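A short worksheet on the structure shown next.
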Amino acid sequence: MTVGCGQPCGAQSKSPSETPKTSWHHVREASRHPRSSEMKEEAELERFPFYQVCCAAISNFVGAFGSIVIFPYMPFLVQHFHPELNRQELGARVGLLGSVFFAGQLCSSTLWGKVSDDYGRKPTILLGFAGTVVCCLAFGLAPSYRVALAARFGWGFLNGNVGVAKAFMADVCPPSHTARGFAMLGFASGLGRLLGPSVGARLADEVWFPSKPFLMPCIAVAILQISAMVFVAMHMQGGAPSEMAPQSRHETEDGCVDVVLSTRDKSSPPPKDLVSVPPRTVSTLLRDPHVVAACMLYASLGFATTITYELIALWPILPPARGGFCFSSSMIGRVIVVHAVFVLFIQANLFHHIANRVGYIRISMVGSLCFAGLTVALPYTGTGIFNDDTAAGSLDCSELVGSPDNQIDWGTWGAVAVISGMQSGVQVMIFTSSFVLISNSCFPQERGVVNGGAQTLVALTRMLAPSFGGAVFQWSVSAPESRPWPFNVHFTFILAALAAMMVWCCAAALPTTGNKPKRLQ
């Protein structure tokens, strides 16, 4: 099924009998049943690739699960290695242990994307599973803090599956199913981020191995990775991207370049005059404004969302005089559960319908405006948060220890949970749209390296955002007297909203053709 020409055809046209073949068994079948052949070919392309989508979704699920499973017990792990430190002195070491994973991804994401373009998505993902198994077990068995740091760095370095899975999803999903496929990818990632901390905390509470008290969560990650490896090995398509992508280039004798959509018959080789589109070099891709805009959209969103994730833990625990609510850790945990409900509902039921109707660029633009507005509004959620409003202003959070839930106004807690939950729902819609926009900004043979580059950028912003956001927030609330607006508790929220507006700018720079896979013009 010929889609279009890649350049103007020559002045002399060929007769139908002289036109070269344009697909593997196109001519013989079309001569007998031309319409049925085209309909069969279209049906093959439009069928939802369920098992292939499941392979990508499972890869993202176990990746998200493993990346965050250690977060609940990191302070206790550091204290296990350094019992001489008190809890106020653990922060720097805990922060380093949390960020070194993203440092590993920063160093390797582009490399793994290039490997997947050259040698195939499947072997790259399987190698990522194997690397994760080795490093997570090494992390659980680490005899010292330095070994744990090295293992955690390797955990991030050897696992480039997040970017490769996105490239693979774009390879196997036809345009009519792209939104549905990427919604499943986002759903799987959200589920992994939801289950990872809860499973990690639960397994770390149980002392399975007295000499290695934090080994069991790592064993759980290894079991999940091995199970995913077996499933992917059995069901995922192999080979190089050029063999999987439903795009090829046919150069005729008169200079016409036709793009042919076809499913490849493995039993017969392609004709010699049917060649794949050559990938551009990295330097050429960096000069493509659409590739740069899509990757910067993803990186800016990663920076803004990382700050907001940090704020939802730092801001509510402040006393009322500083603009907080004196929330306990259990109440913050319940807020995060509400976030997960919003995210999973939107990904499972709404995203693919909205994307098919309005497109990914409009979702990113409108969503970034909503995200910025909700972020600015969040610290205004309420002031009368205690049942005794007259005492609220002077009450110290330490006075709530032992019975916080009896003194908190649950209406205010609900406002915080719903507004921040809506914020998380909007975030995940923009994230999922950015996955598609990145893959659509390049040709199929370039998706691995482009997604890897985007993953490198977002790893960098996620490394910088916690330190930046934490320092700014501490400055804004640590003065002896409350600073004037906007330099009080609102300041960090405003900066996060400005980062969200960068997302709008990047989305506005993309052409409307970015809603569809990139084809030869």
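These numbers were taken from a predicted model, which means no experiment stands behind them.
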Can a donor-acceptor pair be found between the side chains of [X] and [Y] at a distance below 3.5 Å?
X: Ser116; Y: Arg121; answer: yes
X: Thr110; Y: Gln455; answer: no
X: Thr308; Y: Gln423; answer: no

Checking the side chain of [X] only, and the main-chain atoms of [Y] only, is there a donor and an acceptor separated by less than 3.5 Å?
X: Lys122; Y: Ala233; value: yes
X: Gln52; Y: Pro49; value: no
X: Asn451; Y: Gly113; value: no
X: Asp117; Y: Val449; value: yes
X: Asn161; Y: Ile125; value: yes
X: Asn440; Y: Gly514; value: yes

Kindly check if the number of other-residue, nucleotide or ligand heavy atoms within 6.0 Å of CE (Met463) is above 12?
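Yes.
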
Flag yes if more than 12 heavy atoms outside Met501 fall under 6.0 Å of its CE atom; otherwise flag no.
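For Met501, atom CE is crowded (more than 12 foreign heavy atoms under 6.0 Å).
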
NZ or CZ of Arg180 within 45° of Phe48 ring axis and under 6.0 Å
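Arg180 over Phe48 ring: yes.
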
Indicate, with yes or no, if the rings of Phe491 and Phe473 have centres closer together than 6.0 Å.
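Centroid distance Phe491-Phe473: not below 6.0 Å, so no.
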
